[in-house]
Amino acid sequence: MKPVLFLLISFPLLGALILALIGRHLSRRAVETIACTAVVAAFVLALTAFLLSGQKTQSLTLAQWFSAGSFQVDMDIYYDPLAAMMALMVTFVSSLVHIYSVAYMRREGGYIRYFCFLNLFVFAMLVIVTAGNLVFLYLGWETVGLCSYALIGFWYEKPDAANAGAKAFVVTRLGDVAFGVAIALCWINLGHLSVSGINDSAANLGSQAAGIIGFLLLLAAIGKSAQLPLAVWLPDAMAGPTPVSALIHAATMVTAGVYLLMRFFPVIQGSPIVMALIACVGVMTICFGALAALVQKDIKRILAYSTISQVGYMFLAVGAGDLAGSLFHLISHAFFKSLLFLAAGCVIHALHEEQNIFRMGGLRRKMPQLFWLFLAGTAALGAFPLTAGFFSKDRILLAVFLQPHAIYKVLWAIAAMAAVITPLYAFRLFFVVFFGQPHADRSRASAPAPVSHPSVPNLMTWVLWPLAVLSLFAGFLNLPANWAGNEWLAHYLAMVPGAAPELHASQEMESTTQLGSALITIVMVIFAWIFYGASIQPNECNDETFQKKLQSLFLNGFYLDRFYQTRIITPYRKTAEFLWHKVDAGWVDAALDQSARSFLTLAERLRLWTTGRVSQYVSMMVTGFTLILCSLTVAWWYLQI
Amino acid sequence: MNSTPLLGIIVFLPLMGALGALVYRQNERACRLFALTVMLTDLVLVLSLFALNTSPQLAGNWLRVEDFSWMDSLGIRFTLALDGISLLLILLTTALGALAVLVSWREITDHVAAFHFFLLAMLTGILGVFLATDLFLFYLFWEIQAIPMFFLIGIWGHERRIYATVKFALFTISGSLVMLLALLSLHIIHARQTGETTFALLQLMHTSFSLPLELTLFGAFALAFAIKIPLIPLHTWLPDAHTEAPTAGSVILAGLLLKTGVYALLRFAFPLFPAAAQFFSPLLLVLGLTGMFYAGWIALAQEDLKRLVAYSSISHIGLIVVGLSVWNVTALSGSMIQMINHGITTSAMFILIGMLDERLHTRKLSELGGLWKIIPVWSGFFLFFTLASLGLPGLNNFVGEILILVGTFTDRPWAAVAGFIGLLWTVLYGLRMLRKSLWGNADPRPDIADLTNRELTILIPLCIGVLWLGLHPGPALEIIGTALAGLNSGKGLLTLAP
């Protein structure tokens with residue numbers, strides 16, 4: 001088992017190293033082959049590990065890292081069903097995205113840098129997933145952040161892309177401050193940093209310590225998973241290449257926060273307050289993302305806000321104590337959201353980098369294959385009955401509802417209402433892009449010439465099919481009992497610390513909620529068709545009405561960005577200038593310079609004393625001797641003590 | 001006590017080289033080659049120490065002590081002693097010394113022999129500071145290391161070099177004068193108490209003081225060291241010195257001279273005056289933390305790359321002082337390894353900026369941008385070392401930071417929390433620096449060559465150092481740990497913090 005797991009994480013690292021060191025001397029084909037091989041090999045190894053290990057938990061040490069005093073950190077692996085599922089998902093989606101990227105990047109320079117960071121990303125993500133030590137996990141955690149930074153800013157000549165990369169790095173690092181403190185606290189309170197050790201002794205932690213550590217982990221997760229109030233970086237991250245958005249900013253990295261919470265669930269479980277807080281953050285973010293997605297015009301921004309909202313469901317599930325539901329939704333979301341992003345990449349590519357959905361329109365006939373693929377993704381996102389998204393979202397809502405505390409009933413009600421919006425924005429996107437006619441944007445004087453024969457490399461559409469199939473049928477992973485399913489995923493996870501396989505819901509209850517949400521979804525799809533199906537209305541009102549204000553509020557993500565800009569970033573910059581010019585140069589340095597100068601003046605004054613009059617010299621000598629004698633006396637007395 | 005005075009040879013070889021360099025003053029190339037050979041020989045000698053001594057046999061965990069009589073009537077002896085911490089630091093010194101010769105290959109064209117004379121003489125001073133345990137000898141080396149820097153900046157520096165070098169000299173001299181007074185007082189007090197005239201550290205450690213006297217003496221020593229470190233508010237000489245110094249000067253300054261201050265606090269000030277150290281440790285903690293935020297904040301506003309890195313250096317050193325002030329094994333190990341880490345990454349940054357300056361004749365961020373397109377290899381290195389100094393796990397600085405902060409957390413949790421937050425300040429100015437230099441649009445420029453083989457030869461060893469200490473710092477930490485246990489055997493210092 002050890003070699004398999006070792007190779008699993010080292011293959012992508014090896015790929016990245018080769019590309020970084022000798023990529024410049026290789027042909028483009030060789031670079032692509034190395035990058036894809038490394039990741040596909042990792043997928044094969046993840047599958048092997050999954051099949052070999054069954055439900056067993058493996059702990060092993062790859063290498064000693066560092067130690068000082070009693071503080072010791074090793075590069076450990078902790079491989080259990082949770083890690084196994086994540087590793088499978090990560091390597092699977094990564095493999096498809098790598099293959100897709102070969103076609104997507106075929107006209108771009110900088111492809112070595114692209115594939116190098118993409119491979120490094122897969123390595124780092126696998127480290128997060130399989131790390132058996134909190135600090136080792138942190139290594140992966142920061143490295144995915146680096147890769148995200150580098151890939152968002154892939155087109156670094158564009159100021160937007162370069163700024164968005166830095167923004168993503170800084171905002172996620174904000175959460176990582178909490179991660180660092182959590183590491184220190186775990187070591188002080190528990191005496192070790194291994195995943196299994198922390199989880200085993202979580203019960204002795206006491207609710208206060210567990211609450212603090214849990215809260216810190218939550219903060220770290222909020223940053224990485226773009227939840228409120230740190231959700232602002234993800235929409236901007238769309239400045240990166242679309243495959244990167246699909247892999248990093250939809251399927252894998254943004255779910256790392258959820259994974260962190262699942263991984264240390266026994267700690268979080270120790271504090272009901274933190275559990276409720278996680279659920280609240282989730283619900284607030286669900287509403288935030290869904291409402292913002294409803295009015296966006298940029299296809300990638302719609303998907304980005306949708307991702308924020310969907311990850312909110314995973315948080316909600318963790319907050320409700322349903323790990324299986326959270327992982328179920330994480331996996332199905334990974335399939336349908338990466339499908340949607342990659343399909344959107346095809347659309348954007350075919351329309352020459354057009355991203356405004358109201359300037360697309362009518363693609364159903366021009367791109368029939370893509371139409372069906374996109375439909376599969378949209379249906380799963382909108383939780384259309386019997387798709388993967390339907391079962392996974394339903395399980396989460398049910399789990400929340402079943403929580404005894406009253407606050408969860410409130411959260412359930414809000415989440416259920418927000419779930420109404422999801423199919424609306426999902427199908428709005430779909431109908432506007434694939435039906436109707438492109439609408440010339442008023443802001444641009446000349447409408448672009450409609451693309452008559454949109455063409456997309458075949459490779460880019462082929463890789464979407466497996467994702468489409470999984471988006472529709474991944475529900476079988478965890479088919480509920482009233483569908484004669486055996487909830488395989490939930491039972492597979494049974495051994496994971498903190499996981500409870502059974503929801504303890506009656507079959508009638510399950511059927512009722514499923515029926516309810518199925519009905520709502522269908523109604524909302526019809527609504528969406530009425531609003532956006534037949535004729536395209538980029539519903540803009542010109543008058544200053546309440547509706548207009550509301551729309552602008554949603555469009556700008558509740559002005560969260562502007563708030564941070566004016567309240568934090570600008571004051572921070574100004575303080576920097578102030579500290580430099582006024583305090584450091586104007587005060588500290590000036591004071592020191594001044595004292596040096598006053599010595600100079602003193603010397604000048606002393607020079608005046610050389611008058612040549614003997615009487616003055618004598619009096620000065622006497623004064624001087626007296627002073628010296630006095631000081632010597634004082635010093636002698638002082639030294640006696 | 002050892003038959004071959006290996007440490008003495010290591011210390012004085014650069015000085016011999018300095019005199020030798022003057023012999024070659026007619027032939028610049030020969031002079032450079034000679035200086036390089038001397039430094040490489042010295043490096044090999046230091047490496048041979050690793051082979052000779054793996055585990056300490058002497059009391060106090062000294063690896064090697066060389067003691068010769070010198071001015072016995074005054075109690076001054078020529079004593080050099082090596083423990084794990086000084087071993088790592090002299091390794092850094094000789095390595096950076098060799099690199100400093102290499103980076104000056106094209107940059108320095110005037111008075112080449114004199115330049116190498118001052119450079120190598122300064123290295124002897126630094127090596128001496130890291131090895132001397134006789135306080136008088138230490139003071140001599142302390143002065144020897146400072147004076148050549150005065151000339152390096154003043155003769156080979158940039159536009160405002162005279163202002164910078166006078167400032168540097170004033171700060172340094174006032175610090176060391178105060179220290180000299182304290183040192184002599186210590187000597188006299190010890191002589192009165194015990195009747196033996198000595199400057200030996202180990203004997204002076206057994207002097208007893210009244211608390212006010214101890215505080216005064218500690219304050220005098222700490223003032224000199226704090227200026228060198230530099231702790232705020234005594235730091236303002238550093239940005240000026242860095243900005244005006246030639247690259248080699250910046251490398252030595254950031255990589256080594258600043259370390260002598262921290263090292264001297266650890267080796268002399270704390271063990272000689274433990275009660276005072278305990279009294280002052282909260283002040284050091286606050287100054288270190290404040291410096292971390294303050295300098296990190298100011299770094300964000302900088303336009304000149306060298307000034308930016310100088311302020312970042314003050315910020316990083318602040319964290320090292322935090323670790324020192326807490327004084328437990330974990331935090332101290334972190335501080336010691338961080339000295340090496342900081343020496344590597346900051347030197348690398350200054351070297352890279354020097355290479356950029358040679359090509360573009362500017363270091364202003366507003367005039368840079370899009371460098372990744374123009375000089376990708378240089379940019380790759382710049383990104384790598386910036387990431388290292390941002391504390392990316394897997395690279396060297398992370399290990400030091402986490403050890404310092406976790407160690408601090410055991411005794412002073414809130415200070416550690418502040419320290420974790422302070423790391424964010426590093427990220428902010430670091431990313432701004434990358435954004436303004438590497439990314440964005442490139443101005444059309446005449447063809448600029450990327451790194452040459454000589455430059456790669458300089459940078460690759462530093463890269464290896466970053467990765468080695470980031471991924472496998474175990475052996476270095478073990479050496480440090482043994483040395484720290486030796487420090488502990490003196491006066492039970494490791495129970496300093498409440």
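Each chain gets a letter, A, B and so on, in the order the sequences are listed, and its residues count up from 1. In what follows, every heavy atom counts, from backbone to side chain, and hydrogens, waters and symmetry copies are set aside.
- Remark: of the listed residues A/Val135, A/Leu139, A/Val127, A/Leu139 is the sole one forming a side-chain contact (heavy atoms from CB on, under 4.5 Å) with B/Pro393.
- Two residues are said to be in side-chain contact when any heavy atoms from C-beta on lie closer than 4.5 Å; A/Tyr149 and B/Leu387 fail this criterion.
- Atom CG of B/Leu477 is separated from atom CD of A/Gln64 by 12.0 Å, given to the nearest 0.5 angstrom.
- The shortest side-chain heavy-atom distance between A/Val73 and B/Ile402 does not fall under the 4.5 Å cut-off.
- Residues of residues 577-585 of chain A that come closer than 4.5 Å to chain B, counting heavy atoms only, are A/Glu577, A/Leu579, A/Trp580, A/Val583, A/Asp584, ordered by residue number.
- Both the backbone and the side chain of A/Thr575 come within contact range of chain B, judged by heavy atoms closer than 4.5 Å.
- Residues meeting the ring pair (Phe, Tyr, Trp, His ring centres under 6.0 Å) test with B/His472, sequence neighbours left out: B/Trp468.
- Only one option out of A/Leu185, A/Val181, A/Val177 pairs with B/Val417 in a side-chain contact (heavy atoms from CB on, under 4.5 Å); it is A/Val181.
- With a threshold of 4.5 angstrom between heavy atoms, B/Lys373 approaches chain A through its backbone and through its side chain.
- For B/Ile337, no part lies near chain A; criterion is any non-hydrogen pair under 4.5 Å.
- Between chain A and the residues B/Leu300, B/Leu424, B/Val427, the largest count of heavy-atom pairs under 4.5 Å involves B/Leu424.
- Contacts of B/Tyr429 with chain A are absent, with no heavy-atom separation under 4.5 Å from either backbone or side chain.
- Atom NZ of B/Lys436 is surrounded by 12 or fewer heavy atoms from other residues, nucleotides or ligands within 6.0 Å.
- With sequence neighbours excluded, the residues forming a side-chain hydrogen bond (donor to acceptor under 3.5 Å, both in side chains) with A/Arg597 are A/Gln594, listed by chain and number.
- With a 4.5 angstrom heavy-atom cutoff, B/Ile232 does not touch chain A via any of its atoms.
- The residue among A/Ala184, A/Ala591, A/Ala20 with the most heavy atom pairs within less than 4.5 Å of chain B is A/Ala184.
- Between chain B and the residues A/Lys158, A/Arg113, A/Arg573, the most heavy-atom pairs under 4.5 angstrom are made by A/Arg113.
- Residue-environment remark: CZ (A/Phe215) stays at or below the threshold of 12 foreign heavy atoms within 6.0 Å.
- Within 6.0 Å of CZ on A/Phe6 lie no more than 12 heavy atoms contributed by other residues, nucleotides or ligands.
- Here the shortest heavy-atom pairing between B/Pro233 and A/Leu592 reads O-CD1, 3.7 Å.
- Contact of the A/Glu142 side chain with the B/Leu395 side chain is not registered, since no non-hydrogen atoms from C-beta on lie closer than 4.5 Å.
- For B/Glu478, there are no side-chain hydrogen bond (donor to acceptor under 3.5 Å, both in side chains) partners, not counting sequence neighbours.
- Taking both residues in full, the closest heavy atoms of A/Gly180 and B/Phe420 are given as O-CZ, 3.2 Å, listed atom of the first, atom of the second, then distance.
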What's the verdict on side-chain contact (heavy atoms from CB on, under 4.5 Å) for A/Phe169 and B/Leu434, showing C-alpha distance, side-chain angles and the deciding distance? CA-CA 12 Å; A/Phe169 204 156; B/Leu434 291 178; over 6 Å; no
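- Only the side chain of A/Asp593 comes within contact range of chain B, with heavy atoms under 4.5 Å apart.
- Contacts of A/Trp65 with chain B are made by both backbone and side-chain atoms, with heavy-atom separations under 4.5 Å.
- At a 4.5 Å heavy-atom cutoff, B/Phe384 makes no contact with chain A through either its backbone or its side chain.
- Shown here for A/Ile188 and B/Val406, the closest heavy-atom pair between the two residues is CD1-O, 4.3 Å.
- Your options are A/Thr143, A/Val170, A/Asp176, and the one with the most heavy-atom pairs under 4.5 Å with chain B is A/Val170.
- Of the listed residues (B/Val166, B/Leu428, B/Leu423), the greatest number of heavy-atom pairs within a distance under 4.5 Å of chain A belongs to B/Leu428.
- Annotation: maximal heavy-atom pairing with chain A below 4.5 Å, among B/Tyr311, B/Trp425, B/Phe171, occurs at B/Trp425.
- Ring geometry, A/Tyr156 versus B/Trp439: the interplanar angle falls from 30° to 60°, so the pair is classed tilted.
- Contact count against chain B (heavy-atom pairs under 4.5 Å) is highest for A/Asp589 among A/Leu146, A/Ile183, A/Asn163, A/Asp589.
- Annotation: maximal heavy-atom pairing with chain A below 4.5 Å, among B/Gly474, B/Pro475, B/Gly422, B/Gly394, occurs at B/Gly394.
- Proximity to chain B (any heavy atom under 4.5 Å) is shown, for A/Tyr572, by both the backbone and the side chain.
- Using bins of under 30°, 30° to 60° and over 60° for the plane-to-plane angle, the ring pair B/Phe398/A/Phe66 lands in the perpendicular bin.
- Contacts between B/Leu170 and chain A at a heavy-atom distance below 4.5 Å involve the side chain alone, from C-beta outward.
- Proximity to chain A (any heavy atom under 4.5 Å) is restricted, for B/Pro376, to the side chain, taken from C-beta onward.
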